[in-house]
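Read through the structure below, which is laid out as structure tokens, and then see the notes.
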Amino acid sequence: MVFLKEVKKIIRNISLIILAFLICSTFMLIALTYPNYHETMTEAQKQLLANSNILKTEYGDIEYSVEGEGTPVLLLHGAGGGYDQGLWAGKVFFGDGYKFVSVSRYGYLRSSIPDNASIESQAAAYEALLDNLSIDKITVVGVSAGGPSATQFANDYPDRCSALILISAVSMGPAPGDQDPFYVSIIHTIQQSDYAYWLVTRFFQSTILDLMGIPTQVYEAFNPEQKELAQEMLDIMHPMSQRYKGTINDEKMIEFYTVPASNLRAPTLIIHAKDDALVSYKHAENAHSKINQSQLVLYDTGGHGMLSQMNGTRVLMKEFLNESTY
């Protein structure tokens, strides 16, 4: 009996020591990293406010930014993004020679979520923005969760859409091969804390990229430029908490989404990677089956971000747009 009491006492003491160690380690981690985190968030917030405008429409406030000169391109970002992520995608997949119009979709950054928000009303907001910018016709690019409203715009306003490009884009509700709901819930948890997201992107880059659909083996095969772009992609999403409402709203709007193609006349390019671990390439095949005038390009590898296919995709985009009618 005395022996058991002694064992329990030893176990309790060891547990207290471990707990104290964990608490001390946590405080040390915060003390060492918080100044850098605070500086990153301050600069990110400053840049976000400086580089965008707000347009008030009957469909809610829409945040947008316009950069560059040339062929007008409407950039519609994915989940966890904003107008800044759209501009980043434009730089990666298009390069120079374009006038990028990038928006923050419903609930992202400073764009509001109106009552009865829908993919149809989001597409209508894009038309209002083009009217405000005096842009008659534009190429529309939907990346990931930006795919549904891009396709909706092309269908609902065919006279305003020169061409439609879908990159790793969602085209329906959950599909076989999409990221497991358990891992999606982990992403959601991280999204709600700017500090947690910052820590993960600093110390567990390959892990968070894997959760976001870029398999570890794909990341490990990246060259230095591609790894730098991957870090840029993660950094561009600071502060993450300001994008969480948009992510939740996307899930609600997309749950029962089907591709509208009854009035879609624009030439369409659909690009996806077969090893996309976030949005299955089944979405690309589904969109291709619904849009008669579409061209489907499936890469064997590249993950959700398709950074390893960046150069080939740029060439593909230019050839496609040169063949399209404006």
So, taking the atom named CG in Asn53 and the one named CD in Glu63, what distance separates them when rounded to the nearest 0.5 Å?
8.5 Å
Common cluster, Ile119/Ile248, ILVMFWY with side-chain heavy-atom separation under 4.5 Å
no
Can any side-chain N or O of Asp178 pair as donor or acceptor with the backbone N or O of Val279 at less than 3.5 Å?
no
Side chains of Asp235 and Trp88: closer than 4.5 Å at any heavy-atom pair?
no
Taking all non-hydrogen atoms of both residues, which atom of Tyr197 and which atom of Ile190 are closest, and how far apart?
CA-CG2, 3.6 Å
d(Thr268 OG1, Leu164 CG) to nearest 0.5 Å is 4.0 Å
Per side chain to side chain donor-acceptor pair (under 3.5 Å), Tyr106 is matched among Ser112, Ser121, Ser118 by Ser121
Please determine whether residues Leu109 and Ile54 belong to a single hydrophobic cluster, defined as Ile, Leu, Val, Met, Phe, Trp and Tyr linked transitively by side-chain heavy-atom distances below 4.5 Å.
no
Separation between CD (Gln192) and OH (Tyr244), nearest 0.5 Å, reads 4.0 Å
With a 4.5 Å cut-off on side-chain heavy atoms, are Met317 and Ile165 touching?
yes
Phe320 and Gln295 have their tightest heavy-atom pair at CD1-OE1, 4.2 Å
Pairwise side-chain contact, Ile138 with Leu130, heavy-atom cut-off 4.5 Å (strictly under):
yes
Begin from the C-alpha positions of Asn51 and Ser65 and carry the test side-chain hydrogen bond (donor to acceptor under 3.5 Å, both in side chains) through to its verdict.
CA-CA 7 Å; Asn51 296 330; Ser65 182; over 6 Å; no
If I take atom CD1 from residue Ile214 and atom CG from residue Leu278, how far apart are they, to the nearest 0.5 angstrom?
9.5 Å
Working note: Glu251 + His188, criterion side-chain hydrogen bond (donor to acceptor under 3.5 Å, both in side chains); need CA distance, chi angles, decisive distance, verdict.
CA-CA 12 Å; Glu251 291 185 353; His188 280 210; 2.9 Å; yes
Does the pair Asp250 and Arg243 meet the rule for a salt bridge (Lys or Arg N to Asp or Glu O under 4.0 Å), with working shown?
CA-CA 11 Å; Asp250 274 348; Arg243 307 161 199 268; over 6 Å; no
Please determine whether residues Val184 and Met253 belong to a single hydrophobic cluster, defined as Ile, Leu, Val, Met, Phe, Trp and Tyr linked transitively by side-chain heavy-atom distances below 4.5 Å.
no
When you look at Leu234 and Met212, which way does the side chain to side chain contact (heavy atoms under 4.5 Å, CB included) test go after all the steps?
CA-CA 10 Å; Leu234 295 175; Met212 292 180 174; 3.8 Å; yes
Scan the side chains in residues 259-267 for donor-acceptor partners under 3.5 Å anywhere in the protein, sequence neighbours excluded, and list what turns up.
unit_1 : atom_1 : unit_2 : atom_2 : d
Asn263 : ND2    : Asn155 : O      : 3.4
Arg265 : NH2    : Asp159 : OD1    : 2.9

Where do Asp61 and Arg110 land on the side chain to side chain contact (heavy atoms under 4.5 Å, CB included) test, with the steps shown first?
CA-CA 8 Å; Asp61 294 350; Arg110 294 195 289 161; over 6 Å; no
Do Ile135 and Phe153 sit in one hydrophobic cluster, given that two such residues count as connected whenever their side-chain heavy atoms are within less than 4.5 Å of each other, even indirectly?
yes
Please examine the side chains of Phe94 and Arg314, heavy atoms only from C-beta on, and report whether any two atoms are closer than 4.5 Å.
no
When you measure from the side chain of Thr139 to the backbone N and O of Val73, does any donor-acceptor pair fall under 3.5 Å?
no
Using atom types as modelled and distance alone, determine if a side-chain donor or acceptor of Gln85 lies under 3.5 Å from a backbone N or O of Met233.
no
Ile271 and Leu166: CA distance, side-chain angles, deciding distance, side chain to side chain contact (heavy atoms under 4.5 Å, CB included) verdict:
CA-CA 6 Å; Ile271 309 172; Leu166 301 175; over 6 Å; no
On a heavy-atom basis, which atom in Ala123 and which in Tyr157 lie closest, and how many Å separate them?
O-CE1, 3.8 Å
Using a 4.5 Å cut-off on heavy atoms from C-beta on, say whether the side chain of Pro239 contacts that of Leu48.
yes
Quick check on the hydrophobic clustering: are Leu133 and Leu55 connected, directly or via other members, by side-chain heavy-atom contacts under 4.5 Å?
yes
Show me the side-chain donor-acceptor pairs of residues 216-223 shorter than 3.5 Å, one per line, residues at least two apart or across chains.
unit_1 : atom_1 : unit_2 : atom_2 : d
Tyr219 : OH     : Gln205 : OE1    : 2.1
Asn223 : OD1    : Glu225 : N      : 3.0
Asn223 : OD1    : Gln226 : N      : 2.8

Would you find a donor on one side and an acceptor on the other, under 3.5 Å apart, between the side chain of Ser111 and the backbone of Gly107?
no
Are the side chains of His272 and Ile167 in contact, using a 4.5 Å heavy-atom criterion?
no
Heavy-atom distance under 4.5 Å between the side chains of Glu228 and Glu232, does that happen here?
yes
To check you understand the geometry: which heavy-atom pair defines the closest contact between Pro215 and Ala277, and what is its length?
CG-CB, 4.4 Å
Tell me whether Asp210 contacts the main-chain N or O of Ser206 through its side chain, where contact means a donor paired with an acceptor under 3.5 Å.
no
Kindly check if the number of other-residue, nucleotide or ligand heavy atoms within 6.0 Å of NZ (Lys227) is above 12?
yes
Shortest non-hydrogen contact from Leu87 to Ser102?
N-OG, 3.5 Å
Spacing of Ile62 atom CD1 and Thr57 atom OG1 [to the nearest 0.5 Å]:
6.5 Å
Would you give the length of the straight line joining atom OG1 of Thr40 to atom CG of Asp194, rounded to the nearest 0.5 angstrom?
11.0 Å
In terms of heavy-atom contacts, does NZ of Lys290 have more than 12 from other residues, nucleotides or ligands at under 6.0 Å?
yes
Arg105 vs Ser149, test: side-chain hydrogen bond (donor to acceptor under 3.5 Å, both in side chains). Steps then yes/no.
CA-CA 9 Å; Arg105 297 186 294 102; Ser149 60; 4.8 Å; no
Please test Lys282 against Asp276 for salt bridge (Lys or Arg N to Asp or Glu O under 4.0 Å), starting from the C-alpha separation and ending with a verdict.
CA-CA 10 Å; Lys282 298 296 183 183; Asp276 186 334; over 6 Å; no
Would you sort out whether Glu43 and Gln47 count as a side chain to side chain contact (heavy atoms under 4.5 Å, CB included), showing the intermediate values?
CA-CA 6 Å; Glu43 182 60 26; Gln47 292 297 322; 2.9 Å; yes
Closest non-hydrogen atom pair between Cys161 and Ala154, with its separation:
SG-CB, 3.7 Å
Which of Tyr83, Tyr108, Tyr64 passes ring-ring contact (aromatic ring centres under 6.0 Å, His included) with His77? Answer is Tyr108
Would you say that Val297 contacts Ile270 through its side chain, given a criterion of any heavy-atom pair below 4.5 Å between the two side chains?
no
Evaluate whether atom CD of Gln293 has more than 12 neighbouring non-hydrogen atoms of other residues, nucleotides or ligands under 6.0 angstrom away.
yes
